[in-house]
Structure formats: C-alpha cells, structure tokens
There are 2 protein chains.
Amino acid sequence: MDPIANISQQFAAQKYKLTPQRQAIVKVLLDNEKDHLSVEEVYMMVKNSYPHLGLATVYRTLELLCELHIVEKMNFGDGVSRYDLRGGDHEHMHHHLICSVCGRLEEIKEDWLLDLEKRLEREYGFQVSDHRLDFKGTYNTCQKTSCKREKANKAVS
Amino acid sequence: MDPIANISQQFAAQKYKLTPQRQAIVKVLLDNEKDHLSVEEVYMMVKNSYPHLGLATVYRTLELLCELHIVEKMNFGDGVSRYDLRGGDHEHMHHHLICSVCGRLEEIKEDWLLDLEKRLEREYGFQVSDHRLDFKGTYNTCQKTSCKREKANKAVS
DNA sequence: CTACCTGCAAATGATTTGCACTATT
DNA sequence: AATAGTGCAAATCATTTGCAGGTAG
C-alpha cells in the first residue's frame with residue numbers, strides 16, 4: 001500500500017489529524033528512509049517545503065509518530081534523539097552497524113535474534129516486545145584511514 | 001586483582017591522578033555494580049562519604065572513566081546517561097532485559113553474539129569492537145500488574 | 001462552537017565550560 | 001613554580017510546556 005495512505009489511515013484510526021505540517025514531516029521521513037534523522041535535521045528539511053513550520057511542531061509530531069509506532073526513536077550517543085521509519089507492521093527487527101572510522105551507519109534489515117528471544121522466554125520467563133542491537137566497529141575498507149576521535153568522548157555505547 | 005588497585009594502575013599508566021574524589025566515585029560504582037547509575041545518583045551517593053564534592057566533578061570523572069574503558073556510558077531513553085562498570089579486560093559482552101511493567105533492568109552476562117559478529121566480518125567486512133543489545137518486554141511474573149505508562153512516551157528504543 | 005493543532009517564547013533539565021582556587025610533584 | 005584537578009556559577013543545548021490564536025468538523 002502507498003505509505004502515505006497507510007499512515008493517513010493510522011492517523012484517522014486514532015482520531016489524529018494529518019495536517020499539512022504533519023504530512024510535510026512524514027514526507028521528509030519517507031524521502032530519507034535510509035537515514036536516522038534528528039529533530040533538527042527534519043526541521044531544516046521540512047522548512048524547504050513548509051517554511052513557516054515551528055520546531056516544537058516537529059518535536060510533537062515525531063513523538064506522535066512514535067506513539068503510533070510509525071517511527072522509532074533512538075539514541076546513538078551524539079546528544080540528540082534520532083528517528084527511523086519502521087517498515088511493515090511488526091518490523092521492529094533491524095540492527096545497526098556503526099563505523100568508528102567513517103561514521104557511517106548501516107542498517108541491517110534481517111532479524112538475527114529470533115532464537116535468542118525464544119531462549120529468553122524459556123530461560124528467563126521474559127517475553128520480548130522489542131529489541132535493539134547495535135554494533136560498533138570498523139569496515140575493513142575503512143581501516144587505512146586514521147582514527148577520527150572527534151565525538152568519541154560523547155559516545156554512548 | 002583487587003579492583004581498586006587495578007583501576008589505580010590504569011590511572012597511573014595514563015598519567016591521571018586517582019584523587020580522593022575520584023576514589024570516592026569509583027567506590028560508589030563498585031558498591032553498586034549491579035545498577036546502572038545516573039550522574040545524579042552517583043552524586044547523591046558520593047555526597048555521603050564526600051559531602052564537599054561538586055556535580056561537575058562527577059561528570060568529569062565519569063567521562064574520564066569512560067575514556068579509560070573502566071565504565072560504559074549508555075542511554076536507556078529516560079533522559080539521563082547511565083554508567084556501568086565494565087568487567088574484565090574485554091568484557092564488553094553483556095545484554096539487558098528491560099521490563100516495561102516493573103521497570104526492572106536485568107543484566108545478562110553471557111555473550112550471545114559471537115556467531116553474529118563472525119558473520120558480520122564475513123558477510124559485511126565489518127569488524128566489531130563493541131556492541132549493545134537490549135531487549136524490551138515483560139517478565140511472565142509481571143504480566144498481572146497493570147501496565148505503567150509513566151515514562152513510556154520518553155522511551156527511546 | 002468545540003476540540004485539536006500550531007507557532008512562538010519562555011521554562012526546564014541535563015550537561016559543559018570558564019575561572020579562580022587548591023593540591024600535588 | 002608548574003600542572004592537573006576541583007568547586008562553583010554561568011552558559012549551552014536539546015527538549016518541553018504555556019498560552020494565544022488558527023483551523024477543521
């Protein structure tokens with residue numbers, strides 16, 4: 001289904017209005033599906049199509065989208081929250097590779113943790129509803145470069 | 001080895017001083033190894049043994065410990081950074097269970113990701129230096145309780 | 001009209017920083 | 001004396017909130 005229509009439905013179902021501002025924000029997210037944008041980044045980009053928009057609206061909209069499970073909020077330790085569109089219904093299943101040399105952030109769409117989640121259920125009596133898996137490291141193709149230290153101090157595991 | 005002596009060595013090796021303030025902070029971390037304390041929490045606890053201590057010193061010391069890989073900084077989406085003592089040398093290997101009913105945070109000391117890390121190396125040419133794995137969900141023993149919603153909005157994956 | 005949304009500006013809260021002071025070598 | 005470390009207060013930065021005005025059903 002057309003993603004906009006799909007999202008529009010979800011808004012309607014929960015009695016929220018898909019205002020032009022919200023549409024513009026969603027559009028930016030769709031156009032940058034590969035990235036993990038911060039509020040400020042979304043704000044800047046939406047300003048192009050909707051110059052009058054206020055920053056608080058971006059915060060409020062992203063929070064709303066999070067509540068509707070349309071986006072996922074996450075924190076990579078650079079001091080800002082970042083947002084990522086969720087794929088299909090229950091696709092909470094993706095992992096991240098973060099390269100400490102080039103800073104690239106790659107998303108892995110497979111779910112490698114199903115076995116572990118079963119094991120948690122069995123051994124710990126814990127039912128998983130969501131998970132997060134990030135790997136820090138370096139791409140082999142990056143190792144020649146000198147190690148950038150810049151934000152290393154701020155880094156959050 | 002005595003953990004204090006060990007840490008003391010690491011300080012000396014990098015030409016840092018293990019001042020009484022820093023010792024007091026490290027002691028609090030050792031005494032609460034099971035928890036993931038926030039700066040504010042560490043501050044409160046150190047105040048008992050060292051009432052004169054300033055908050056900025058706690059920030060600075062925890063950042064330093066992070067740099068020395070003695071603690072790990074992490075963010076569970078409640079708005080504050082939390083710190084966790086690392087175990088042995090390269091023991092970056094633990095995972096978290098976060099119960100959305102009782103809020104409990106359990107640490108799993110095993111490393112379940114070795115196979116995945118090998119696979120990343122093979123299939124993605126990515127060499128893992130560290131990882132983070134958190135599971136959100138509920139303990140079976142918790143499910144009777146009504147679902148606390150409190151901080152849910154703030155939650156970061 | 002009523003309830004939801006928005007924009008703005010002010011408030012908040014965590015973290016950082018400038019600076020003068022202290023302690024250690 | 002020189003340098004690293006500290007405490008305090010002020011500054012900064014992301015995020016939230018109060019409120020007055022706008023908009024859609």
- Does Y59(B) put a side-chain nitrogen or oxygen below 4.0 Å from OP1 or OP2 of dT16(C)? no
- Note on the structure: Per atom distances to the L55(B) side chain, the nearest of dG7(D), dT16(D), dT15(C) is dT15(C)
- Message: I'd like to know whether NZ of K27(B) has more than 12 heavy-atom contacts from other residues, nucleotides or ligands below 6.0 angstrom.
- Response: no
- Message: Nearest heavy atom decides the nucleotide; on that basis, is L18(B) or Y43(B) closer to the 5' end of DNA chain D?
- Response: L18(B)
- Take atom CD of E63(A) and atom P of dT15(D), then tell me their distance rounded to the nearest Å. 11 Å
- Item | N75(A) CG to dT15(C) P, straight-line distance once rounded to whole Å | 11 Å
- Between atom CD in Q14(A) and atom P in dA3(C), what is the gap in whole Å? 20 Å
- Which one of V28(B), L30(B), L29(B) satisfies the side chain to side chain contact (heavy atoms under 4.5 Å, CB included) criterion with N32(B)? V28(B)
- Task: Look at the side-chain N and O atoms of T57(B) and state whether any lies under 4.0 Å from the OP1 or OP2 oxygen of dG5(D).
- Result: no
- Note on the structure: In whole angstroms, the gap separating P of dG5(D) from CD1 of I25(B) amounts to 13 Å
- Describe the nucleic acid contact of Y50(B) in one word from base, sugar-phosphate, nothing, applying a heavy-atom distance below 4.0 Å. sugar-phosphate
- Measure the distance from CD on E40(B) to C1' on dT16(C) and round it to the nearest whole Å. 15 Å
- Note on the structure: N48(B) meets the side-chain hydrogen bond (donor to acceptor under 3.5 Å, both in side chains) criterion, sequence neighbours left out, with none
- Can you check the H52(B) NE2 to dC21(C) C1' distance for me, whole Å? 10 Å
- Task: State which of dC4(C), dA14(D), dC19(D) makes the closest approach to the side chain of R60(A).
- Result: dC19(D)
- Query: At under 4.0 Å between heavy atoms, what does R22(B) touch on the DNA or RNA strands: base, sugar-phosphate, or nothing?
  - Reply: sugar-phosphate
- Message: What's the closest nucleotide to the side chain of Y16(B) if the choices are dA9(C), dT6(D), dG5(D)?
- Response: dG5(D)
- Query: How close or far is atom P of dT24(C) from atom CD of Q23(B), stated in whole angstroms?
  - Reply: 12 Å
- Message: Here's one to test your reading of the geometry: is the NZ or CZ of R132(A) within 45 degrees of the ring axis of F76(A) and under 6.0 Å from its centre?
- Response: yes
- Task: Map V39(B) and P20(B) onto DNA chain C by nearest heavy atom, then report which one ends up closer to the 5' terminus.
- Result: V39(B)
- Check the pair D130(A), R86(A) against salt bridge (Lys or Arg N to Asp or Glu O under 4.0 Å), reporting the backbone distance first and the verdict last. CA-CA 12 Å; D130(A) 203 353; R86(A) 289 179 170 234; 3.3 Å; yes
- Would you indicate what Q21(B) reaches in the nucleic acid, counting non-hydrogen atoms under 4.0 angstrom: base, sugar-phosphate, or nothing? sugar-phosphate
- Atom-pair distance (CG on L65(A); P on dC5(C)), nearest Å: 12 Å
- Report yes if at least one side-chain N or O of T19(B) is closer than 4.0 Å to OP1 or OP2 of dT24(C); otherwise report no. no
